[in-house]
Novice: 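Before anything else, here's the structure in question.
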Amino acid sequence: MTKGRFGDFGGQYIPETLMSELYALEAAYEASKRDPDFQAELTTLFNTYANRPSLLYFAEKMTRELGGAKVYLKREDLNHTGSHKINNVLGQALLAKRRNKTRVIAETGAGQHGVAAATAAALLGLECEVFMGREDTERQALNVYRMELLGAKVHTVTSGTATLKDAVNEAMREWVSRVDDTHYVLGSVMGPHPFPTMVRDFQAVISAEARAQILACEGCLPAAVLACVGGGSNAIGSFYHFIPDADVRLIGCEAAGRGIETGQHAATIATGAEGVFHGMKSYFCQDADGQIAPVYSISAGLDYPGIGPEHAWLHQSGRAEYVPITDEEAVCAFEYLAHSEGIICAIESAHALAHALTLVPRLPKDTSVIICLSGRGDKDVAAIARYRGRSIHE
Amino acid sequence: MSSVANGTPGTPGAPGTPDAPGATDTPGTPGTPGTPGATGTPGAPGAPVTPASSRIAGAFAEHKALIAFLTAGDPSLARTEEYVAALEKAGVDLIEIGIPFSDPIAEGPIIQQASLRALASGTTIGDCIALARRLRARTQLPLVFMTYLNPVFHYGYEAFFADCEQAGVDGIIVPDLPFEEKGEMEPFVRAHGLELISMLAPTSEARVARIAREARGFLYLVSSLGVTGVRESITTDLRPIIAAVRAVSDVPIAVGFGVHTPKQARELAALCDGVIIGSAIVQRIGASPATAAADLSAWLSPIRAALE
């Protein structure tokens with residue numbers, strides 16, 4: 001059993017060429033954790049650039065309409081660049097700079113992580129190249145242009161299924177070729193150690209804030225914390241500081257696409273098997289021969305066949321629950337939040353919201369729940385319109 | 001109360017039953033190391049030399065070894081058998097058989113596409129083992145599988161290496177299983193008399209001695225940063241790494257990634273014990289599957305000559 005394990009999950013299943021770099025990255029990361037200058041610089045960027053702390057908003061109207069637990073929304077959608085992804089990229093870009101790397105690369109699905117990485121690179125003066133599946137460059141054309149505006153070069157990935165997993169494959173292949181001057185800003189709590197731990201730590205600011213905020217508002221901990229899960233970075237960030245609070249239910253909502261029974265989904269925990277891919281041991285959607293399965297979700301950000309190893313462990317140990325949410329349920333929740341609270345959230349976040357719509361009415365009124373709104377929904381408006389039969393293109 | 005997701009890690013996500021012989025119902029929970037199958041030989045250091053290790057050693061015994069890689073089932077298993085026969089005739093000393101994987105992160109476009117062609121033709125792990133069994137019936141060439149960890153993990157380590165032993169496979173190369181992680185698989189490899197081939201890269205620096213001390217069969221030295229492919233020139237100075245290996249181990253060293261000309265082969269052979277040619281072979285197969293067997297024999301002959 002090696003480093004970076006969550007139970008049996010995690011590890012460093014990566015070509016030999018990258019191993020020395022992973023050791024160096026881990027050492028630099030551990031040093032940065034103990035370095036007050038690094039921490040102060042990151043906190044300053046969080047507070048003065050990324051708009052942290054993010055609000056914990058009491059959704060009063062939604063609470064009244066659902067008639068159960070009080071609903072609080074953790075507003076990561078209000079961060080600079082519009083999602084929680086900025087928390088991680090600022091941390092990693094600072095670290096890359098400190099390690100004298102001149103160039104960062106990133107994979108992206110919906111484009112949120114790519115935009116965040118391009119933003120951090122622009123701010124800190126690093127070259128940036130982003131790998132994005134051809135299918136995603138087409139459905140998220142606006143984000144491609146946004147990354148280019150920020151000075152990044154976007155590579156369209158046509159290999160394999162031309163989606164997020166292939167973008168990760170290509171980013172890893174590029175990293176192996178330029179490991180000397182390039183840092184790979186992985187966008188989620190996945191990949192080989194130290195990424196799942198490092199990305200978790202950068203995203204844990206979400207639950208550090210939320211826990212203090214809910215205690216200030218309610219005087220007690222919430223009954224549940226809900227977040228959507230693809231790779232799982234906003235979810236682990238939302239869960240982390242609540243993990244020791246055994247009475248707080250932690251609920252991850254994964255993409256059931258057109259329905260588990262259709263086979264067109266990305267519900268890794270519900271249908272996947274244990275495996276080893278993209279540097280980690282975890283659960284993966286795969287076929288009977290261990291080939292990684294094509295996955296589908298209306299949400300490009302959840303369209304990934306794996307899940308971070310810490311989630312695999314939280315699932316196996318029973319500490320967290322994972323529920324599948326269909327496209328239809330997510331779209332209904334997306335529309336509901338727009339009507340009821342005047343918030344257009346990311347379709348990814350709408351998966352967590354959808355589960356809350358059924359959970360909250362069944363919880364006592366003197367309890368509360370926190371739902372992480374991981375991102376804003378501007379990027380999804382055209383796709384939702386098309387889903388509802390209105391032909392709108394960006 | 002919503003139900004906890006019904007994770008059933010023992011059930012493959014796709015419909016259908018594993019059709020591979022010996023496929024296990026409990027992927028990811030291989031048997032306990034140290035309880036090998038009935039025919040297995042405990043692989044403790046100093047265990048008697050097995051036929052597998054002697055076949056691999058034989059590849060390096062007489063001259064600089066020429067190692068050829070090809071992907072099983074590209075474009076069909078019957079063709080793969082034909083190509084292996086041609087490679088043997090061309091003087092290849094060891095065959096690396098790629099078990100296709102959907103997402104081969106260490107491969108460049110040539111081998112990626114070969115993997116996809118092989119999967120598209122329906123090639124399974126079970127097919128690859130059966131292929132090895134057929135090859136073993138007619139040749140004593142060392143046969144080494146090259147694949148990624150997930151298909152083997154999913155099959156189950158014990159079942160996979162028991163089937164490999166029975167088929168006459170001599171070793172395995174797993175590019176996404178570095179030194180640090182090999183402990184979970186190596187006991188099964190050794191228990192069934194196969195060798196786990198270790199890899200070294202230009203970035204291995206401080207790791208060389210540790211890896212070389214435990215290396216068995218041969219050491220696969222990656223020539224350059226990056227993925228597999230055809231390289232015009234190999235610019236890495238491999239001499240310090242090779243010297244560091246020689247200081248602690250007698251294990252043969254073979255260099256791969258990019259090799260495709262007699263000149264490269266000659267220059268590398270002066271430093272090490274063998275060269276590995278993959279992408280250049282796979283490219284010829286992809287370009288003209290029907291004539292590749294004859295083409296490969298002719299194309300390899302100057303490379304073979306350069307190694308003498």
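These values consider heavy atoms only, across backbone and side chains, with no hydrogens, waters or symmetry-generated copies. Remember, it's a predicted structure, so these values are computed and weren't measured experimentally.
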Novice: For the rings on A:Phe6 and A:Trp313, is their centre-to-centre separation under 6.0 Å?
Specialist: no

Novice: Please determine, among B:Pro175, B:Ser115, B:Ser198, B:Pro202, the option with the most heavy-atom pairs under 4.5 Å with chain A.
Specialist: B:Pro175

Novice: Taking only heavy atoms into account, what residues of residues 104-112 of chain B are found under 4.5 Å from chain A?
Specialist: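 Near chain A, by residue number: B:Pro104, B:Ile105, B:Ala106, B:Glu107, B:Gln112.
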
Novice: Do any N or O atoms from the side chain of A:Gln291 and from the backbone of B:Ser102 form a donor-acceptor pair under 3.5 angstrom?
Specialist: yes

Novice: Give, as side chain, backbone, both or neither, the part of B:Thr228 having an atom under 4.5 angstrom from any heavy atom of chain A.
Specialist: neither

Novice: Could you name each residue pair satisfying salt bridge (Lys or Arg N to Asp or Glu O under 4.0 Å) that touches residues 108-122 of chain B, not counting sequence neighbours?
Specialist: B:Asp74-B:Arg117

Novice: Examine whether an atom of A:Tyr13 lies under 4.5 Å from a heavy atom of chain B, and if so say whether it belongs to the side chain, the backbone or both; otherwise answer neither.
Specialist: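 Both the backbone and the side chain of A:Tyr13 come within 4.5 Å of chain B.
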
Novice: Quick test of your reading of the model: are A:Arg5 and B:Glu181 salt-bridged, counting only N-O distances below 4.0 Å?
Specialist: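 Here A:Arg5 pairs with B:Glu181 in a salt bridge, since their nearest N and O are under 4.0 Å apart.
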
Novice: As an exercise: rank B:Val227, B:Leu116, B:Val222 by heavy-atom pairs under 4.5 Å with chain A and give me the winner.
Specialist: B:Val227

Novice: Side chains of B:Ser204 and A:Glu16 only: does a donor on one sit below 3.5 Å from an acceptor on the other?
Specialist: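 The criterion, which ignores hydrogens and geometry beyond distance, is satisfied for A:Glu16 and B:Ser204.
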
Novice: Considering only heavy atoms and a distance below 4.5 Å, find which of A:Leu18, A:Asn169, A:Val276, A:Leu363 pairs most often with chain B.
Specialist: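 Top option by heavy-atom pairs under 4.5 Å: A:Val276.
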
Novice: For A:Glu170, is it the side chain, the backbone, both, or neither that has a heavy atom closer than 4.5 Å to a heavy atom of chain B?
Specialist: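 Only the side chain of A:Glu170 comes within 4.5 Å of chain B.
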
Novice: Would you sort out whether A:Thr158 and A:Arg134 count as a side chain to side chain donor-acceptor pair (under 3.5 Å), showing the intermediate values?
Specialist: CA-CA 6 Å; A:Thr158 55; A:Arg134 188 191 51 226; 5.2 Å; no

Novice: Aromatic contact between B:Tyr148 and A:Phe277, with the criterion being ring centroids under 6.0 Å apart: yes or no?
Specialist: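 When the ring centroids of B:Tyr148 and A:Phe277 are compared, they turn out to be at least 6.0 Å apart.
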
Novice: Taking the side chain as every heavy atom from C-beta outward, state whether B:Ile67 and B:Tyr220 have any pair of such atoms under 4.5 Å apart.
Specialist: no

Novice: Please tell me if the side chains of A:Ser159 and A:Arg173 come closer than 4.5 Å, counting only heavy atoms from C-beta onward.
Specialist: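 When only atoms from C-beta onward are counted, A:Arg173 and A:Ser159 do touch, with a gap below 4.5 Å.
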
